[in-house]
Structure formats: C-alpha cells, structure tokens
Amino acid sequence: MEYERSKIADLFSVAQKAGPFGDLPATPGDLDPQIHASRNEGTQPFFLTCERDTLIVTLSGEGFVDFLDSNVRYFRVTPADYVYVPGGTAHRIRAEGPMTQLRYKALDPGGETVSWCCPECGAELWRRAFDATSETPQR
C-alpha cells in the first residue's frame, strides 16, 4: 500500500486512512522519531512486538494496552495518556469504541513481529516477522 506523506500532519485524517489497528506514518520520512497514527475499535486480533522501544499516545477514545508475558498485564488509557512499550515486549490494543492513537517509533524501527495467540491458554498460534525499516508496517 503506497501512502504519500504530508509535511503537515492532520493526525485524525491519517488515522482514518490507517483503518483498524494499522499504523500509517504521519510525518515526513526523515524525522526522528517517526509518528504513526491509527484508529482502533474493538480488540486487536494480534500482539505486536517491536524491536525498539515505542510510545503509544491516546488522542481520543478509551481502552487498554495489553501486554503478553510481562510483569505489567495492561494499562487503561483515555485521551492524553502515554504508554511506554519497551523493545521486545508483545502488546495489543483493546479499544472500547472508536479510539485514535499515535505511536512514536525510531526512524530506523528495526524488526517487528505480529503474533496470534490462543485466547484460552495464550499459546502462540502463528506469527509473521518483517523489517519495519524497509517494509511499510501497514502492509
């Protein structure tokens, strides 16, 4: 999916284009950190693991950021909440209605993995790893 970046970010508009649980870049490609926008509704069907640290900012709506295999199980989020996600930590978004969020990533984000887990026991069922530096995460 090709996406043309703007020099001025209308974050809510970019989030609408991203669709559910997609992260679309909202800033020019040479800025560090990169800001990605998404619009979520419901529970993300997969867990995301980023090689490098990220920061999730909630702009609108309410929900949770759930963690897998972490000493912190979840954070409840409302507008203006920030959640720091250490690199290598599997997490997912669980929105209670429409929710718009930003994700701050390094200019060179490294590898990312999406994994689907059994809702009953938490066992990993399937995963896909990719290089987020050269491949658009939304794809």
Side-chain angles (χ1 to χ4, degrees):
M1 174 177 167
E2 287 299 315
Y3 174 73
E4 187 170 330
R5 297 172 188 230
S6 170
K7 296 221 184 283
I8 299 173
D10 174 357
L11 299 172
F12 289 97
S13 174
V14 173
Q16 287 289 10
K17 293 175 187 172
F21 309 110
D23 287 340
L24 274 184
T27 53
D30 58 346
L31 293 181
D32 193 10
Q34 285 287 289
I35 301 173
H36 295 252
S38 66
R39 183 179 180 282
N40 310 306
E41 194 167 329
T43 300
Q44 189 173 9
F46 56 85
F47 284 87
L48 174 65
T49 305
C50 300
E51 180 180 340
R52 296 195 171 73
D53 301 352
T54 64
L55 181 68
I56 299 172
V57 180
T58 303
L59 294 181
S60 67
E62 297 181 8
F64 296 85
V65 178
D66 294 332
F67 294 93
L68 186 65
D69 297 327
S70 172
N71 61 342
V72 174
R73 302 301 295 156
Y74 65 88
F75 281 105
R76 175 139 179 78
V77 293
T78 59
D81 284 342
Y82 290 70
V83 176
Y84 167 73
V85 182
T89 305
H91 60 287
R92 72 175 174 191
I93 307 300
R94 188 164 33 108
E96 296 178 324
M99 185 164 65
T100 302
Q101 293 181 305
L102 302 178
R103 182 184 298 269
Y104 288 72
K105 295 182 180 184
L107 181 59
D108 175 12
E112 292 185 8
T113 302
V114 290
S115 54
W116 280 258
C117 299
C118 173
E120 305 294 321
C121 68
E124 186 175 274
L125 303 173
W126 188 81
R127 74 174 20 216
R128 180 172 184 301
F130 56 95
D131 180 2
T133 301
S134 61
E135 185 176 343
T136 304
Q138 180 69 5
R139 296 189 76 196

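Only this structure's heavy atoms are used, side chains among them; waters, hydrogens and symmetry mates stay out.
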Geometric class of the Phe46/Trp116 ring pair [parallel <30°, tilted 30-60°, perpendicular >60°]: tilted
CD of Glu62 to CZ of Arg76: how many Å apart, nearest 0.5 Å? 5.0 Å
Keeping Asp32 on the side-chain end and Leu107 on the backbone end, is there a donor-acceptor pair under 3.5 Å? yes
Val85 vs Phe75, test: side-chain contact (heavy atoms from CB on, under 4.5 Å). Steps then yes/no. CA-CA 11 Å; Val85 182; Phe75 281 105; over 6 Å; no
Supply the atom-to-atom distance Gln44 CD to Arg94 CZ, rounded to the nearest 0.5 angstrom. 11.5 Å
Rounded to the nearest 0.5 Å, what separation is found between the CG atom of Asn40 and the CZ atom of Arg92? 12.5 Å
Is it the case that one hydrophobic cluster holds both Val83 and Phe47, taking links as side-chain heavy atoms less than 4.5 Å apart, direct or via other members? no
Of all heavy-atom pairs between Pro79 and Ser60, which one has the smallest distance, and what is that distance? CG-CA, 4.0 Å
Do the side chain of Arg52 and the main chain of Asp108 share a donor and acceptor less than 3.5 angstrom apart? yes
Is it true that Ile35 and Val57 fall in one hydrophobic cluster, defined by side-chain heavy atoms closer than 4.5 Å? yes
Among Leu102, Val77, Ile93, find the residue that satisfies the side chain to side chain contact (heavy atoms under 4.5 Å, CB included) test when tested with Ile56. Ile93
Distance from Leu55 atom CG to Tyr84 atom OH, nearest 0.5 Å? 9.5 Å
Value for CZ (Arg73) from CZ (Phe64), rounded to nearest 0.5 Å, stands at 13.5 Å
The residue among Thr49, Asp66, Leu48, Val72 that forms side chain to side chain contact (heavy atoms under 4.5 Å, CB included) with His91 is Leu48
What closest approach, in Å, do Ala80 and Tyr82 show between heavy atoms, and which atom pair accounts for it? O-CD1, 3.4 Å
Which heavy-atom pair separates Pro109 from Glu51 by the least distance, and what is that distance? O-CB, 4.0 Å
Nearest 0.5 angstrom please: His36 NE2 to Gln101 CD, how far? 14.0 Å
Where do Glu124 and Ser115 come nearest, in terms of heavy atoms and distance? OE1-CB, 3.4 Å
Smallest heavy-atom separation, Cys117 atom then Leu68 atom, equals SG-CD2, 3.7 Å
Looking at every non-hydrogen atom in both residues, tell me the closest pair between Thr113 and Ala129 and how far apart they are. OG1-CB, 3.7 Å
Any sub-3.5 Å donor-acceptor pair from Asp53's side-chain atoms to Gly87's backbone N or O? yes
